J.: 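First the structure, then my questions, so here it is.
Computation of the quantities below employed the complete heavy-atom set of this structure, encompassing side-chain atoms and omitting hydrogens, waters and symmetry-equivalent molecules. All ligand and atom numbering here is 1-based and tracks the order in the structure. Given the structure is predicted, the values throughout are model-derived calculations rather than measurements.
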Amino acid sequence: MAPAAGRRQPVIGSMANMDDTAIQHAADLIEDADALVVAAGAGMGIDSGLPDFRGPGGFWAAYPALGRRGLEFYEVASPRTFETDPALAWGFYGHRLALYRETTPHAGFGIRKGWGERMFHGCRVFTSNVDGHFQRAGYGEDAITECHGSIHHLQCSRPCCGDVWSADEFVPVVDDATCTLVNDLPKCPWCGAIARPNIMMFGDMGWIDRRSKLQEADLRRWGDRATRIVVIELGAGTTIPSVRQFSHELVVNHGARLVRINPIEPAVPTQRDVSIAGPALAALQTIEAAIAARS
Ligand SMILES: [Zn+2]
């Protein structure tokens, strides 16, 4: 998507600049809860060193070859590009696939996992991120809902059928100077058409959402059993609101309590909710320190 003009820059993280009342309130809710939902958007990955496409030129700074051609994020991340220029489409997604395979999730993933393990119903994840980092950080596959799909899975670009399969056997080789794939394109094993990531792209009518729908149905059944859910929402913006909508739904339908951690858009709907204006990792570490100080 195009960078929003005039958007405020993220708050640079430090433990000192976060409101202690909000931190203590978040710690109270975590200690009182019997179930933890981690709701994570794009801002979650920044502390792991993943590129941030926000801000003027953010996308082109990460992919200068696409900047030279004047191609925007929404144009490249599109099913149409897999038809018109599949080597370019896979240059972009192949680079991301390799990057996500190489990147170690930051310590915040482990902090929340520890909180969830102390709760009766444990922890579930709802994320719009396609990077597979919750799995890499040790969360069980059955604890994760990937509402926009996963780059670690493939599907047919037509699609000829509803099959979704692992991308593990595909090792992309990308020429960064041109952002193009230089090895063989992955193919659909059923019809031979080009395979694409099982991710919801811009203007995408062909995304096979079966895997995500099954994950979400399982998450809802789990939510029905819990009585005191706390939602820790991280780095979820309003531009693509899937994660925020899910958080709000848990608050309205399950009486969940919301802790929103966001350096740019920290506002919350009611005074029952907790707003922490800060980056994900620093906020989680500050809450963890507050909980530790009580014991
Ligand atoms: Zn096919």
Side-chain angles (χ1 to χ4, degrees), residues 1 42 45 50 53 59 62-63 65-66 69 71-103 125-136 139-176 178-220 240 242-243:
M1 75 213 72
L50 296 174
F53 295 165
F59 177 62
Y63 294 96
L66 301 177
R69 295 176 60 172
L71 291 168
E72 299 278 6
F73 181 29
Y74 69 89
E75 295 175 288
V76 181
S78 155
R80 183 164 165 72
T81 308
F82 281 88
E83 295 173 19
T84 59
D85 194 345
L88 179 78
W90 264 119
F92 173 63
Y93 279 111
H95 176 269
R96 289 180 71 186
L97 176 59
L99 180 68
Y100 295 153
R101 283 174 175 168
E102 291 165 3
T103 306
V125 173
F126 183 91
T127 182
S128 59
N129 297 337
V130 300
D131 54 27
H133 273 189
F134 282 95
Q135 287 92 335
R136 278 180 70 84
Y139 292 70
E141 188 70 51
D142 59 359
I144 302 166
T145 297
E146 294 161 304
C147 67
H148 291 170
S150 163
I151 200 169
H152 303 285
H153 291 78
L154 301 177
Q155 64 163 84
C156 180
S157 59
R158 283 181 175 163
C160 69
C161 63
D163 201 16
V164 172
W165 64 94
S166 168
D168 286 354
E169 291 180 14
F170 175 51
V171 180
V173 180
V174 177
D175 176 10
D176 288 338
T178 57
C179 191
T180 52
L181 188 82
V182 295
N183 60 336
D184 291 341
L185 291 160
K187 297 286 175 61
C188 169
W190 305 106
C191 75
I194 293 163
R196 52 162 268 190
N198 181 229
I199 289 173
M200 188 179 76
M201 303 179 195
F202 292 94
D204 195 349
M205 304 302 287
W207 177 49
I208 296 168
D209 64 0
R210 181 171 55 91
R211 184 172 170 274
S212 292
K213 286 280 186 284
L214 288 171
Q215 291 174 328
E216 188 171 334
D218 189 55
L219 171 58
R220 289 181 188 283
I240 300 175
S242 318
V243 173

J.: Could you please give the number of protein N/O/S atoms within less than 2.8 Å of the Zn ion (ligand 1)?
T.: 4
J.: Should the ring pair Phe59 and Tyr63 be called parallel, tilted or perpendicular, given that the plane angle runs from 0 to 90° and is split at 30 and 60?
T.: tilted
J.: State, to 0.1 Å, how close Val130 and Arg96 come at their nearest heavy-atom pair, and which atoms those are.
T.: CG2-NH2, 4.0 Å
J.: Within a 6.0 Å radius of atom CD on Glu169, are there more than 12 heavy atoms belonging to other residues, nucleotides or ligands?
T.: no
J.: Run the side-chain hydrogen bond (donor to acceptor under 3.5 Å, both in side chains) test against Asn198 and tell me which residues pass, sequence neighbours left out.
T.: Gln155
J.: Would you say the side chain of Pro186 lies within less than 4.5 Å of the side chain of Trp90, judging by non-hydrogen atoms?
T.: yes
J.: Which heavy atom of Ala167 sits nearest to which heavy atom of Ile151, and what is that distance?
T.: CB-O, 4.0 Å
